[in-house]
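Right, one structure below, let's go through it.
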Amino acid sequence: MEHSHPATGVPDTIYVNGRIRPGSRTPGLAARGERRDEEDEAYEALAVSRGRVTALGTDREIRDLAGPRSEVVDLRGHRVIPGLIDGHMHATRAGSTWSSELHWTGMSALTDALTSVGEAVRSAPPGRWIRAVGGWHHTQFKENRPPSTAELDAVAPDHPVYVQALYDLAVLNSEAMRVLGLDSWTGLPSGTVERDPLTGRCTGVVRGLGAFNRCLAAIPGPDAAAERASTRAMFADLNAVGLTGVVDPGGFGMAPERYDPLFDLWRAGELTVRMRLYVSAVDAGHEVSQLEGWLRHAQTSFGDDMLRMVGAGEVVHFGCHDFEGLEPFSLMDEAYEDLLTISRRVAERGWPMHIHAVLDSSIDRILDAWETVHRQIPLDRLRFSLAHADTISPRNIRRLAALGAGVVTDDHQVFKAGASAACWGAEQMASVPPLGDLLEAGVQVGAGTDATRASSYSPWLSLWWLHEGRSLDGSVQRAPRHNLSRQQSLDLYTRGSAWFSFEESDRGHLRPGARADLAVLSDDYFTVPADLIPSITAQLTVVGGRTVHASGPFRA
């Protein structure tokens with residue numbers, strides 16, 4: 001039996017009759033290919049006291065610790081894993097409109113998506129917008145195409161409908177086109193609004209951030225109470241798939257007031273997911289002053305075990321942001337000088353930095369800036385990190401490792417690998433991202449989704465992609481060297497992601513002394529056929545010893 005030391009007394013709760021995989025003692029060890037005995041470890045039971053794991057062992061050993069007031073939870077033979085931590089999810093932004101959007105995660109047929117639009121129409125008052133904003137892509141559908149305007153008209157003739165496929169394109173129905181006056185739009189780049197070559201009229205398809213933002217700005221937003229309720233509902237859905245933590249990287253449009261609903265829930269004690277926040281610049285051309293404002297008025301590590309400020313990112317400077325790396329991009333000298341200034345100020349304040357970078361050419365210049373700062377202010381204690389790093393080269397992996405910096409990988413290539421292959425070439429895609437090389441070099445790697453617009457929020461689709469290395473349309477297969485075992489993938493999604501908030505000893509595993517964050521699974525992640533991994537859910541989710549989700553046999 002593993003037991004915390006010193007003894008912590010009678011447990012509040014014991015969980016028995018399970019198959020508990022407690023996770024790694026040392027983050028990254030198994031992922032570098034070294035033998036680790038606990039990969040095969042499975043315990044029957046664990047004890048929890050005051051929100052932390054106090055013991056692991058057999059049923060008999062753990063039952064012997066219980067007192068008359070200890071709650072006993074029968075796990076019914078289910079697999080138990082550490083609670084999942086999404087290392088890169090735009091949850092704060094998503095929460096405010098979560099309840100008013102459709103979520104097509106897990107849908108494998110376009111007909112099902114269209115049915116969901118029709119069902120939403122039946123309960124929506126006249127004029128209410130119906131929308132699915134990101135998190136889906138046509139490659140997930142067996143039809144391998146997005147819906148057409150005509151199909152949306154058929155299920156929603158009188159309500160405006162807007163459905164956005166990741167950041168690729170959006171399709172509007174005729175009522176939405178009428179409300180927006182789409183035919184009269186001007187001032188956007190050519191090709192933004194698709195038009196019929198014969199009639200010149202809009203087809204209902206729009207592309208690009210400018211067009212997306214213009215559409216979304218026309219949709220009435222919720223009031224403060226609705227934002228709080230919507231954010232609360234989002235956390236319930238995240239708990240239902242086994243998520244107990246999120247590292248939120250800020251992102252586009254995340255001004256300080258956008259965090260109000262999250263902080264309101266935190267103050268009310270209503271958070272059920274541990275939130276770790278990076279904060280971004282909001283307006284192009286004002287990045288230095290805006291990030292200086294965050295640095296002056298906030299503190300890294302401010303907060304508690306449920307909500308905590310971490311650092312600056314992922315939008316540090318708009319001139320450094322290479323989006324999906326599918327368009328020509330150069331990090332110009334003026335943006336580089338601002339990046340150098342920002343990086344130095346962030347380091348002086350002792351904050352971590354997390355920055356979006358897909359292309360190796362972008363990473364090269366970012367590392368130039370970080371190495372310059374590192375010569376004056378050591379960065380290896382601050383855990384600077386890259387988001388994505390899809391095409392990072394062996395040379396820049398070595399530079400990253402020398403800085404003690406990390407990478408958060410995400411699964412957007414599960415949808416976009418075909419488009420990336422057309423741009424970067426099939427040879428490059430064999431190592432997108434080069435997970436094996438990163439882990440062999442000792443770079444700390446976490447895993448997430450980049451949800452909720454650039455990818456699905458499902459951690460299980462991401463875990464499948466880490467393990468299998470396949471795109472949903474079957475067009476791309478990552479080289480075996482860069483595919484991970486199921487345990488390695490889970491390590492990245494738990495203790496790996498905890499590293500980015502300096503909590504790898506405290507979270508992401510179920511060893512005695514760790515926070516009691518766990519998920520009891522619908523199916524055994526370690527033995528279920530690989531193609532069924534994306535359909536796994538949590539039937540019981542616990543955060544700090546408190547049940548935040550219960551379904552199936554665990555429903556009260």
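Just so it is clear, the model here is predicted, and its values are computed rather than measured.
Residues Arg546 and Val542 have side chains not in contact (no heavy-atom distance under 4.5 Å, counting atoms from C-beta outward). Counting only heavy atoms from C-beta outward, the side chains of Val476 and Gln413 never approach each other to under 4.5 Å.
Within 6.0 Å of atom CD in Glu257, more than 12 heavy atoms from other residues, nucleotides or ligands are found, so the atom counts as buried in its surroundings. For Arg201, the CZ atom counts as loosely surrounded, since its 6.0 Å shell holds 12 or fewer non-hydrogen atoms of other residues, nucleotides or ligands.
The residues Arg470 and Glu468 are annotated as salt-bridged, a charged nitrogen and a carboxylate oxygen being separated by less than 4.0 angstrom. With respect to Glu151 and Arg145, a salt bridge is recorded, a charged nitrogen being found less than 4.0 Å from a carboxylate O. One finds a salt bridge joining Asp183 and Arg195 here, because a Lys/Arg side-chain nitrogen approaches an Asp/Glu carboxylate oxygen to under 4.0 Å.
Stacking of Arg478 on the aromatic ring of Trp465 is recorded, both the 6.0 Å distance cut-off and the 45° axial limit being met.
Remark: aromatic rings of Trp136 and Phe415 are distant, center separation not under 6.0 Å.
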**Request:** Would you please test Arg276 and Arg274 for side-chain contact (heavy atoms from CB on, under 4.5 Å) and show each step?
**Result:** CA-CA 7 Å; Arg276 302 297 181 256; Arg274 301 188 194 276; 4.0 Å; yes

Which pairs would a plain distance check flag for residues 318-326, meaning a side-chain donor or acceptor within less than 3.5 Å of a matching protein atom at least two apart in sequence or in another chain?
{"from": "His321", "atom 1": "ND1", "to": "Phe323", "atom 2": "N", "distance (Å)": "3.2"}
{"from": "Asp322", "atom 1": "OD1", "to": "His356", "atom 2": "NE2", "distance (Å)": "3.1"}
{"from": "Asp322", "atom 1": "OD1", "to": "Val358", "atom 2": "N", "distance (Å)": "3.1"}
{"from": "Asp322", "atom 1": "OD2", "to": "Val358", "atom 2": "N", "distance (Å)": "3.1"}
{"from": "Asp322", "atom 1": "OD2", "to": "Leu359", "atom 2": "N", "distance (Å)": "2.9"}
{"from": "Asp322", "atom 1": "OD2", "to": "Ser362", "atom 2": "OG", "distance (Å)": "2.8"}
{"from": "Glu324", "atom 1": "OE1", "to": "Lys416", "atom 2": "NZ", "distance (Å)": "2.9"}
{"from": "Glu324", "atom 1": "OE2", "to": "Lys416", "atom 2": "NZ", "distance (Å)": "3.0"}

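None of Asp264, Asp223, Asp260 except one satisfies the salt bridge (charged side-chain N to carboxylate O under 4.0 Å, His left out) rule with Arg228; the exception is Asp264.
Atoms OG1 and CG, on Thr92 and Leu307 in that order, are 8.0 Å from each other to the nearest 0.5 Å.
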